[in-house]
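Everything below concerns the one structure shown next.
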Amino acid sequence: MVFKKMLRALGVGGPSVDTVLSSGSAMPGGTVTGEVRMQGGEHDADIDYVALSLVTRVERSDDTQGHVEFDRHVVAGRFPLRAGQSHVVPFRIQIPWETPVTAIGGHRLHGMTLGLRTELAVAKAVDKGDMDPLHVEPLPSQAAVLAAFERMGFHFRSADLEMGRIHGVNQQLPFFQEIEYHPPAQLAGGISQVELTFITDAHGMTVVLEADKRGGLFTQGGDVFGRFQVSHAEAETTDWTSRIGEWLTQAAGRRASFGQGAHVAHGGDGAHGGGHGLHGGGLVAGAAAGIVGGMILGEVLDEIGDAIFGDD
């Protein structure tokens, strides 16, 4: 990535920048490493700073989309860059735990755009380059939930980011991700779609579900919400097929079998606000069926990705 716009901001013959990532993928809460490679222009220059920002596209309340910078790191302070000189700044940055998932099993989620943008300041003129794409794969705890949706027969529809906050959840970023699914046949008569949201931190995650319930002759439609709060270790050993399946069966108001499991409380006080859910260690004993079942994470992600996008 070379800053073409640098010529306009700093004059023809100014320095150029190329940011190279060690790996094009990461996980929420993980690290991104690489180098910012600079080449001096025709004249000496004093670099004020070099910064890296995570940028993504977010849906706003007025149904428009805009790019939002949600994390920023200054990786180099002031230094001189001589004419024609090469200068390399290595970096290692940690990305937020709430960074949205943009790929599963190496397959990009339709609707998601996220990247790393390099910012260079020279003589008080600031130039921001284009985004270098960064693929964010799910954590093992998140992959366990996604695997359950695939095993229950849900079909991925799309994913996006919504500006706003979820009531009652310790959310750090100003937006949240919604992964939308079409329901399987046994629920399609009662539910038109289901949206999945992860709010994640170093200790665990909150899984928020929103089911769009169809109205009937004697029943009223609307949104039904549920919430599950678990540690990362608990999430990897929970029978999410039974947990989510029973909740969705109740939400749909009809019988459907996804496996055996104890009763799961579901939402009532609304929205991304709502749901009583099960919190912390509240998941009952005996629910640890181990949805990953001896498969390594890479195999699970490949299986989910192939189910969503098809074999390449």
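All values below come from the heavy atoms of this structure, side chains included, with hydrogens, waters and symmetry mates left out. This one's a predicted model, so the numbers in the text were calculated from it and none came from an experiment.
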What are the two closest non-hydrogen atoms of V50 and T118, and how far apart are they?
CG1-CG2, 4.2 Å
So, do P28 and V136 sit near enough that their side-chain heavy atoms are less than 4.5 Å apart?
yes
Please enumerate all residues that pass side-chain contact (heavy atoms from CB on, under 4.5 Å) together with E69, with sequence neighbours excluded.
S53, V55, R72, R117, K128
Distance-minimising heavy-atom pair for M27 and P140
SD-CD, 4.3 Å
Return yes when atom NE2 of H203 has more than 12 non-hydrogen atoms of other residues, nucleotides or ligands closer than 6.0 Å, and no otherwise.
no
For F228 and W240, I'd like to know if the aromatic rings sit close, meaning centre-to-centre distance below 6.0 Å.
yes
Least distance between heavy atoms, H232 atom then W97 atom:
NE2-CZ3, 4.1 Å
Do you know which two heavy atoms are closest between A211 and I191, and how far apart they sit?
CB-CD1, 3.9 Å
Tell me every residue that passes ring-ring contact (aromatic ring centres under 6.0 Å, His included) with H135, counting only those two or more places apart in sequence or in another chain.
none
Between I93 and L116, is a side-chain contact (heavy atoms from CB on, under 4.5 Å) present by the stated rule, with each step listed?
CA-CA 11 Å; I93 61 175; L116 194 67; 4.1 Å; yes
Positive for side-chain contact (heavy atoms from CB on, under 4.5 Å) with Y49, one of V74, L120, V122
V74
Note, D46 side chain near L81 side chain (heavy atom, < 4.5 Å):
no
Residues Q177, L109; criterion side-chain contact (heavy atoms from CB on, under 4.5 Å); working and verdict
CA-CA 12 Å; Q177 182 177 33; L109 285 180; 4.3 Å; yes
Close side-chain approach of R108 to P133, heavy-atom, < 4.5 Å:
no
Can you tell me how far CZ of F154 sits from CD of E180, rounded to the nearest 0.5 angstrom?
13.0 Å
Could you tell me whether the side chains of T200 and E98 share a donor-acceptor contact shorter than 3.5 Å?
no
Under 6.0 Å between ring centres, would you say that holds for H87 and F79?
yes
Which atom pair, heavy atoms only, marks the closest approach of S192 to P183?
O-CD, 3.2 Å
Assess the residue pair V145 and I244 against the criterion (side-chain contact (heavy atoms from CB on, under 4.5 Å)); give the C-alpha distance rounded to whole Å, side-chain angles, the decisive distance to 0.1 Å, and a yes or no.
CA-CA 9 Å; V145 179; I244 298 172; 3.9 Å; yes
Over all atoms of both residues, closest heavy-atom pair of M163 and P174:
SD-O, 3.0 Å
